[in-house]
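In what follows, every heavy atom counts, from backbone to side chain, and hydrogens, waters and symmetry copies are set aside.
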Amino acid sequence: MRISQTGGLIAAGSRRVALPMLQVGSIPIIERIVITFQQAGIFPIVIVTGADEDDVKYRMAGHGVIFLHSEKPDGTELFSSVKQGLRYLQGKCGRVVFAPVNVPMFTPSTLTRLMAETGDVVIPSCRGRGGHPVVIAENVTGDLLAYDGGDGLRGALRALGDRRRWLRVEDEGVLASIHDPRQLEERLAAHNDELLHPMLHMRLERETAFFDGRLKLLLFLIDDAGSVRRACDAMAISYGKAWDLINRLERELGYQVVERRQGGHRGGNTRLTERGAQFLRRYQSFEERVFQFAQNQFQDTFFCTKNDP
């Protein structure tokens, strides 16, 4: 199901080099990147896990993200995680914003600028060097997945030639790696300043709330995976809790959202009903419009100086 214009991909799979739970400021770097992605309205957000996997799931389960276990968790090749995430996101969004977990300090405003650009691949450039995150259009995903040459992701992007577009930015966070602690500390104050944002927790309610972002993600994953159990595994929620949420939603809406089919221990073949899929698409569209309105109002209210005395 195509669910949004822009999805997100964070590579944290390599047990040898990725440090997703490294704390910079008061939060781990994996959480810092997810917050930055969410501030830009990115959905869905996929984390390819492997390094500190249990801790990452425990910390991030409430953030409404998807976990993919790395196919090569003991390797150092970043490109394998990129390919795994791109394969998963094919057909689900028009573009993917990719960031390695070890480069956590790019700012939300830089990310917004990158997403506003058109092109097959958009790469930030600072001080003459390319950095992260990288915006990848769906029409080049096949080329990246087919690439088997040298130099990993860098080589795959280089092979795209003039299909790449460079966006010059002043944000040194696009280059700041965890391997240079001094850089991280220097960027921390500026990054925290930009993390100031309105966080809308959208819910549908009658007497009490019965639909929110977590259930939205669950429905999306059920339709994609064809299984409630696999959906639960992907977002680190219990099977029993998932059915409690689904049953309550259906009672409140007055119609069936999930189509039940009997199966084996993996839970059978389960999809959204036609009305359930329509409800999910409409809610996502509604949420995107509200998000954009809130962002515009926030900027006008707090950062527009034309009406200031």
Side-chain angles (χ1 to χ4, degrees), residues 1 3-4 7-13 20-21 27-28 30-31 33-35 37-38 41-71 73 84-85 88-89 92-93 101 199-206 208-253 256-273 276-277 279-281 283-284 287:
M1 176 190 296
I3 191 68
S4 70
L9 171 59
I10 304 170
M21 296 304 294
I27 57 176
I30 184 70
E31 188 170 6
I33 297 175
V34 167
I35 291 172
F37 275 15
Q38 290 176 333
I42 292 173
F43 178 85
I45 298 172
V46 171
I47 302 175
V48 180
T49 62
D52 299 325
E53 186 167 25
D54 290 341
D55 291 336
V56 168
K57 287 185 174 182
Y58 180 81
R59 177 79 186 200
M60 303 306 300
H63 285 261
V65 298
I66 299 168
F67 302 103
L68 297 182
H69 178 70
S70 173
E71 296 167 348
Q84 184 178 353
Y88 178 81
L89 287 167
K92 298 177 176 66
C93 45
V101 74
M199 178 55 73
L200 301 182
H201 296 281
M202 298 279 294
R203 304 189 304 184
L204 297 181
E205 299 185 0
R206 281 202 173 96
T208 58
F210 63 89
F211 189 81
D212 58 13
R214 197 179 192 196
L215 186 46
K216 179 187 77 170
L217 180 62
L218 177 64
L219 295 186
F220 168 73
L221 287 169
I222 289 170
D223 198 64
D224 179 64
S227 163
V228 176
R229 287 197 184 276
R230 286 195 290 270
C232 292
D233 291 343
M235 62 180 292
I237 186 176
S238 74
Y239 184 70
K241 176 66 173 178
W243 275 114
D244 286 344
L245 294 173
I246 293 166
N247 291 332
R248 183 177 184 184
L249 173 64
E250 291 180 336
R251 288 195 302 270
E252 294 289 349
L253 293 180
Q256 192 173 356
V257 173
V258 173
E259 182 179 286
R260 282 82 162 168
R261 294 182 184 177
Q262 296 301 314
H265 74 284
R266 294 299 293 173
N269 185 2
T270 309
R271 298 284 182 183
L272 299 188
T273 64
F279 168 79
L280 179 59
R281 286 192 293 266
Y283 183 86
Q284 176 65 20
E287 189 174 68

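A distance-only check finds a donor-acceptor pair linking the side chain of Glu250 to the backbone of Val257 [under 3.5 Å]. At least one donor-acceptor pair under 3.5 Å links the side chain of Arg260 to the backbone N or O of Val258. The backbone N or O of Phe220 sits nowhere less than 3.5 Å from a side-chain atom of Asp224 that would complete a donor-acceptor pair. Within the 3.5 Å criterion, the main-chain N or O of Ile237 finds no donor-acceptor partner in the side chain of Arg214. Looking only at distances, a side-chain donor or acceptor of Asp212 sits under 3.5 Å from a matching main-chain atom of Leu215.
Contact record, Cys93 with Gly7: SG-N, 3.5 Å, taken as the closest heavy-atom pair. Smallest separation of non-hydrogen atoms from Leu218 and Ala231: CD1-CB, 4.1 Å. Pairing each heavy atom of Gly85 with each of Leu9, the nearest pair is CA-CD1, 3.6 Å. Looking at every heavy atom in both residues, Cys232 comes nearest to Ala242 through SG-CB, 3.4 Å.
Interatomic distance, CG of Asp54 versus CZ of Arg59, reported as 15.5 Å (0.5 Å rounding). One finds the NZ atom of Lys92 at 11.0 Å from the OG atom of Ser4 (value rounded to the nearest 0.5 Å). The structure places CE of Met21 at 9.0 Å from CD1 of Ile30, a figure rounded to the nearest 0.5 Å. Distance check, rounded to the nearest 0.5 Å: CD of Gln38 to CD1 of Ile33 gives 12.5 Å. With rounding to the nearest 0.5 angstrom, the CG atom of Asp244 is 7.5 Å from the OG atom of Ser238.
Side-chain contact between Leu280 and Ile3: present, with at least one pair of heavy atoms (C-beta onward) separated by less than 4.5 Å. Under the 4.5 Å side-chain criterion, counting only non-hydrogen atoms from C-beta, Leu89 is in contact with Pro44. Contact check for Ile222 versus Arg271: no side-chain heavy atoms found under the 4.5 Å cut-off. Ile10 places none of its side-chain heavy atoms less than 4.5 Å from the side chain of Val48. Asp52 places none of its side-chain heavy atoms less than 4.5 Å from the side chain of Tyr58.
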Steps toward side-chain contact (heavy atoms from CB on, under 4.5 Å) verdict (Phe211, Leu253): CA-CA 10 Å; Phe211 189 81; Leu253 293 180; over 6 Å; no
Audit row: Leu219, Leu249, side-chain contact (heavy atoms from CB on, under 4.5 Å) steps and yes/no: CA-CA 11 Å; Leu219 295 186; Leu249 173 64; 3.9 Å; yes
CA sep, side-chain torsions, deciding dist, call: Ser227, Thr270, side-chain contact (heavy atoms from CB on, under 4.5 Å): CA-CA 5 Å; Ser227 163; Thr270 309; 5.7 Å; no
Full working for side-chain contact (heavy atoms from CB on, under 4.5 Å) between Val34 and Ile47: CA-CA 9 Å; Val34 167; Ile47 302 175; 4.1 Å; yes
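A cation-pi arrangement is present between Lys216 and Phe43, with the terminal nitrogen or guanidinium carbon under 6.0 Å from the aromatic centre and inside a 45° cone about the axis. Taking the ring axis of Tyr239 as reference, the NZ or CZ atom of Arg229 stays within 45° of it and closer than 6.0 Å to the ring centre.
Glu287 has no carboxylate O lying under 4.0 Å from a charged side-chain N of Arg203, or vice versa, which leaves the two without a salt bridge.
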With a 3.5 Å cut-off and sequence neighbours excluded, list the donor-acceptor pairs that the side chains of residues 63-71 form with protein atoms.
| unit_1 | atom_1 | unit_2 | atom_2 | d |
| --- | --- | --- | --- | --- |
| His63 | NE2 | Glu31 | OE2 | 3.2 |
| His69 | ND1 | Glu53 | OE1 | 3.0 |
| His69 | ND1 | Glu53 | OE2 | 2.9 |
| Ser70 | OG | Lys72 | N | 3.1 |
| Glu71 | OE1 | Arg87 | NH2 | 3.0 |
| Glu71 | OE2 | Arg87 | NH2 | 3.2 |

